[in-house]
Amino acid sequence: MKPGLLIHTCSRFFSARQIKGALRLGDAVIPGDKTLPSFSETEFIHHIDRMLEYMESDDRDGLGLLMNVFSITPIWKIRLLVSLCDIHRFLPQFLGTPFRLLNLGLKGIIFTLYYSGLEDKEGHGARILKTIGWDAHTPSYQPLDKAMSENRQISAADIGKKAKDVSQEIRALSVAQRLKFVSQLKHLIVSEKEIIIERIQEDTNKSRSDALVSEIFGVLDHLAFLESEAIKALKDEKVKTPIALLGKSSKIYYEALGTILIISPWNYPFYQAIVPIMAAFVAGNSVIYKPSEFTPLTGLVEDLMSRIGMKDGWVQVVYGDGKVGSSLIDQVPNKIFFTGSVATVKKIMTQAANNLIPVELELGGKDPSIVFADANLDRAASGVVWGALTNCGQSCTSVERIYVQDTCYEEFKNKTLNIVKQIKQSRDYDGDADIGGMTTKAQIAIVKNHLDDALAKGAKLLSGDEWDGQDAMIPPLLFDNVTDDMLVAHEETFGPTIVLLKFSDEHEVISRANDSIYGLSASVWSADKARCDRVARALEVGNVSINNVMLTEGNHHLPFGGVKQSGIGRYKGVHGLRSFCNIKSVLIDANSKKIEANWFPYTKKKYQLFSAMTEALFTGGILNFIKFAIKGTLLESAAQKSRNQSK
Ligand code: NAD
């Protein structure tokens, strides 16, 4: 076995040890030669779940047992066993049959994995999967079903209880101790990024580069942010204590809330899992994580968490649909971190309101890009095309409408069309495709509806008219002649659309951009820095990139979130990390005999002194300051006297 290669893979059915056993068996059956790589030199073991999925659970358990044995058996003994199985050729049939079946079974497993993997590289494997109904539109139906039935054995109440029980263990760790898990996870993801990318691609249909750039890089960047900033952000903070509270001091403690329920969408399943999970954990919380039923990445998060040494219950992954999510809210977590659609969040907020559970919401958007005529048009065109098409347009901060100044509209349109014509689309294996396809059938239907609506209202399609309205590989749809009343201009499409709209002046474009129920992100393109700044301030959104696109998310020191129906609260950055905390205010005084001036008993004299002191303190100036000091001292002594008299 090639050293260091794939000792672990992420399987929902087999443990790391069983995978190790399977790799040993694989190398005994296919040791490799000059023309063929050995079994473990390939990455095909990673497809094991596809095969195990279709086995009876008894057979799977038996196989698992055998693999456990192989994991501790020296490879020469496994080779001996494999060759012994061949003795059926020399035995009479009635004696040889058991050996023949064993031979067939063991080699069958290995050859199936090896050759289906090879075929996959050529794209045949994917086609076979499609014919058996495991196609791009329902990439995870089967695995999810199984994972959900495993889930059902544990009730939501047990999950909630476990999360609460272990939360004290996490809280007791220092931030530095929690960060050790973060560092380990970072290294693990770096070393297994290609395997993780394949898992992401399987569930989402996205291009390999999209998975690398937006999911893997983004996650690693956030983990690096936590490593460098969390200790500072979460340590006790001393704040000023005003003169009226002389002699006291004030502090803020950033403490854990308890249990965080994270509910995620399907568009960035790895990023939307790891970023909030690790931020919530570093802030000292236990986590219940419910991925989208469409992109569960079944087994992956648990596998990573257990391999970095997270204890049982610290991060629990619960598979299922909205009903499962709702049953988890019933367990009254200390906070819900939700990323998803406006329609869903209305139900979630209603349910959360029953128990006053705080919510942090990252919702949809209809993000505008505003291109002024003085911008570098080549750069702006490349930027907005990327912003509109990255992840096949399935990003909350996708560029969904592009306002182009009328004086450069035609030139900009031609540049955009040229770039769009060169876009390469496929679910590739080498990183050479620009975009992949759509993840869910429901979203394909929304894109189709928006397309039909735009065409019916007079829009022109400059690219993508070859799309049949159903295929998940929707080509880039470039729209011209768009009006504000079209769905593509004001509702979230969440697909590969490039929607061009004309504007004439700054005032007009700001008001059209703001005329939306959403307020997530925007981008502004112009050579005039003052104008960029003016427009950025005037836009009703949570994030603005100037002469760039979707880049505020690229800096994990910046908080991220929306206004209006795009969200509540912020995540990422120091603000985001602290949003998983109970921000506790502490005021410290000495253990003296002194009675505070504002405590009982109230007297007429105290009232007059307090009133004069208030006037002096808030009027300002040096004479008033002296007056404040005198009145304050008199008030202090009046307070002590009145207290002593009332004893
Ligand atoms: P969705 O709202 O349909 O589902 C999101 C999650 O909520 C899923 O896990 C789903 O199972 C769960 N859910 C559904 N009903 C529930 C209920 N009653 N109780 C508890 N959980 C429930 O969203 P989606 O289609 O998966 O994702 C697409 C949406 O997410 C888009 O609107 C997109 O803009 C938004 N999004 C926002 C951000 C952001 O950071 N602002 C990031 C990514 C996606």
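Whatever order the structure lists ligands and atoms in, that order sets their numbers, starting from 1.
At least one heavy atom of P291 sits less than 4.0 Å from an atom of ligand 1. Contact annotation: S292 has at least one heavy atom less than 4.0 Å from an atom of ligand 1. For F338, the heavy-atom gap to ligand 1 drops under 4.0 angstrom.
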Table please: side-chain donor-acceptor pairs of residues 256-266 below 3.5 Å, with sequence neighbours left out.
{"residue": "T259", "atom": "OG1", "partner": "S286", "partner atom": "OG", "Å": "3.0"}
{"residue": "S264", "atom": "OG", "partner": "Q272", "partner atom": "O", "Å": "3.0"}

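By the 3.5 Å distance cut-off applied to N or O atoms, F560 is not counted among the residues near ligand 1.
No side-chain N or O of T204 forms a donor-acceptor pair with one of T439 less than 3.5 Å apart. A donor-acceptor contact under 3.5 angstrom links the side chains of T390 and D210, judged on distance only.
Neither the backbone nor the side chain of T397 has a heavy atom within less than 4.0 Å of ligand 1.
Close approach of ligand 1 to C396 is summarised as follows: ligand atoms under 4.0 Å from at least one heavy atom of the residue are 34 (O), 36 (N), 37 (C), 38 (C), 39 (C), 40 (O), 41 (N), 42 (C), 43 (C), 44 (C).
Around atom 22 (C) of ligand 1, the closest heavy atom drawn from A442, G325, G542, G322 belongs to G322.
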*Apply the test side-chain contact (heavy atoms from CB on, under 4.5 Å) to residues K193 and L212: give CA-CA distance (whole Å), side-chain angles for both, the deciding distance (0.1 Å), then the verdict.*
CA-CA 8 Å; K193 66 181 188 321; L212 172 68; 4.3 Å; yes
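Remark: E362 does not engage K572 in a salt bridge, criterion side-chain N to carboxylate O under 4.0 Å.
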